[in-house]
Amino acid sequence: DQQSQHTKGYHMEGEKVFIGIDVGKTSHYLIALDGTGEEIYHREVHQNEAEILHVLSEFSGFDEVLVAIDQPHNIGSLIVRCAKYLGYEVRFIPSKTMRSYAESHNIATKTDKIDAKVIATAAYKDPDILRKIADLDADKALLRSLKKRDRDLAYDRTKAINRLRAALLEDMPEFEAILKENRLDC
């Protein structure tokens with residue numbers, strides 16, 4: 001059973017929908033709750049932009065849509081982009097917060113469906129525990145990515161120099177004196 005109920009035709013004036021999504025590498029599990037906390041939709045959605053847009057657009061009849069996810073970056077970034085493209089509010093629940101929330105409500109989170117339900121329930125009952133996802137324009141996102149790559153490369157360079165120095169010193173202990181004599185400080 002891919003989904004419990006379609007949202008088409010389901011709309012009440014002033015109605016808000018709370019969508020909880022458990023993010024996965026190749027697919028995600030989505031559960032939607034209406035303004036009374038009733039589950040109105042559940043479905044697995046593949047990591048595919050067209051499919052995600054299609055499924056999320058089914059909620060366009062609601063006055064307000066809150067999409068809550070457990071991973072806003074990397075594998076969850078496509079969902080964030082699609083939801084924001086549709087004009088939906090998107091927030092995330094950190095994994096530790098989600099686990100504590102589940103434990104405080106005596107819910108054992110072991111499946112994607114249960115995790116999605118916990119995320120949707122948290123969005124419905126306690127939206128203040130959700131965190132905002134910063135809007136980054138393309139230039140800022142690229143800059144952040146380049147800075148991270150630069151740090152990674154600097155770390156890798158230092159690691160390679162240290163390994164090379166250790167190997168040289170092991171085979172030729174006088175190497176350190178040669179470096180100091182010629183002021184070739186690596």
Side-chain angles (χ1 to χ4, degrees), residues 1-138 140-141:
D1 179 40
Q2 278 272 331
Q3 57 199 53
S4 61
Q5 182 177 5
H6 288 287
T7 59
K8 291 185 191 276
Y10 182 87
H11 175 70
M12 294 170 59
E13 196 62 36
E15 189 66 33
K16 186 168 186 174
V17 67
F18 304 86
I19 302 170
I21 302 176
D22 178 59
V23 175
K25 290 178 186 168
T26 58
S27 66
H28 318 294
Y29 206 88
L30 178 148
I31 289 186
L33 307 178
D34 66 11
T36 66
E38 285 293 315
E39 183 178 315
I40 58 168
Y41 191 90
H42 69 106
R43 176 180 174 164
E44 182 177 18
V45 182
H46 292 95
Q47 181 75 303
N48 172 287
E49 184 173 7
E51 185 176 345
I52 292 169
L53 281 170
H54 172 74
V55 170
L56 289 178
S57 68
E58 292 192 37
F59 300 97
S60 63
F62 288 88
D63 292 337
E64 292 181 60
V65 179
L66 172 59
V67 177
I69 62 176
D70 61 345
Q71 296 181 45
H73 304 294
N74 302 322
I75 59 177
S77 63
L78 182 58
I79 293 173
V80 172
R81 280 196 313 270
C82 290
K84 285 187 174 194
Y85 173 80
L86 293 169
Y88 300 159
E89 180 182 0
V90 185
R91 293 181 174 237
F92 80 99
I93 184 168
S95 59
K96 285 183 181 179
T97 305
M98 185 174 110
R99 298 293 168 233
S100 331
Y101 185 85
E103 286 173 11
S104 70
H105 290 81
N106 296 319
I107 303 168
T109 58
K110 295 192 190 240
T111 68
D112 295 344
K113 186 175 181 179
I114 292 171
D115 287 352
K117 179 80 177 223
V118 168
I119 296 166
T121 303
Y124 169 71
K125 288 185 175 179
D126 201 2
D128 292 337
I129 67 170
L130 303 176
R131 294 188 184 166
K132 291 183 179 180
I133 298 172
D135 285 327
L136 292 177
D137 61 26
K140 285 182 183 176

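Here I31 contributes atom CD1 and H42 contributes atom NE2; the two are 7.0 Å apart, rounded to the nearest 0.5 Å. Atom CZ of F62 and atom CD1 of I19 lie 8.0 Å apart (nearest 0.5 Å). The distance from atom CD of E51 to atom CG of L56, rounded to the nearest 0.5 Å, is 10.5 Å. Expressed to the nearest 0.5 Å, how far CD1 of I52 lies from NE2 of H46 amounts to 10.5 Å. Expressed to the nearest 0.5 Å, how far CG of L33 lies from CD1 of I119 amounts to 11.5 Å.
Exactly one residue among I79, D22, V55 makes a side chain to side chain contact (heavy atoms under 4.5 Å, CB included) with H28. That residue is I79.
Nearest heavy-atom pair, V80 versus P72, reported as atom, atom and distance to 0.1 Å: CG2-O, 3.6 Å. Of all the heavy atoms in A68 and A123, the pair that sits closest is CB-CB, 3.9 Å. For the pair G76 and I69, the tightest heavy-atom approach, listed with the atom from each and the gap, is O-CD1, 4.2 Å.
Looking at residues two or more places apart in sequence or on another chain, you find a side-chain hydrogen bond (donor to acceptor under 3.5 Å, both in side chains) between S27 and E44. Under the rule for a side-chain hydrogen bond (donor to acceptor under 3.5 Å, both in side chains), the partners of E89 that lie at least two apart in sequence or sit in another chain are R91. In this structure, E49 has no side-chain hydrogen bond (donor to acceptor under 3.5 Å, both in side chains) partners at least two apart in sequence or on a different chain. Listed by chain and residue number, nothing satisfies the ring pair (Phe, Tyr, Trp, His ring centres under 6.0 Å) test with Y88 (two or more places apart in sequence, or in another chain).
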side-chain contact (heavy atoms from CB on, under 4.5 Å) between F92 and V23: does it pass, once the steps are laid out?
CA-CA 11 Å; F92 80 99; V23 175; over 6 Å; no
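Side-chain atoms of L86 and L53, non-hydrogen and from C-beta on, do get closer than 4.5 Å to each other. Put simply, the side chain of D70 does not reach to within 4.5 Å of the side chain of D115, judged on heavy atoms.
With hydrogens and angles ignored, the 3.5 Å screen pairs a side-chain donor or acceptor of T121 with a backbone N or O of K117.
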Could you go through residues 124-133 and list every donor-acceptor pair under 3.5 Å that involves a side-chain atom there, pairing it with any protein atom two or more places apart or in another chain?
from	atom 1	to	atom 2	distance (Å)
Y124	OH	T36	O	3.2

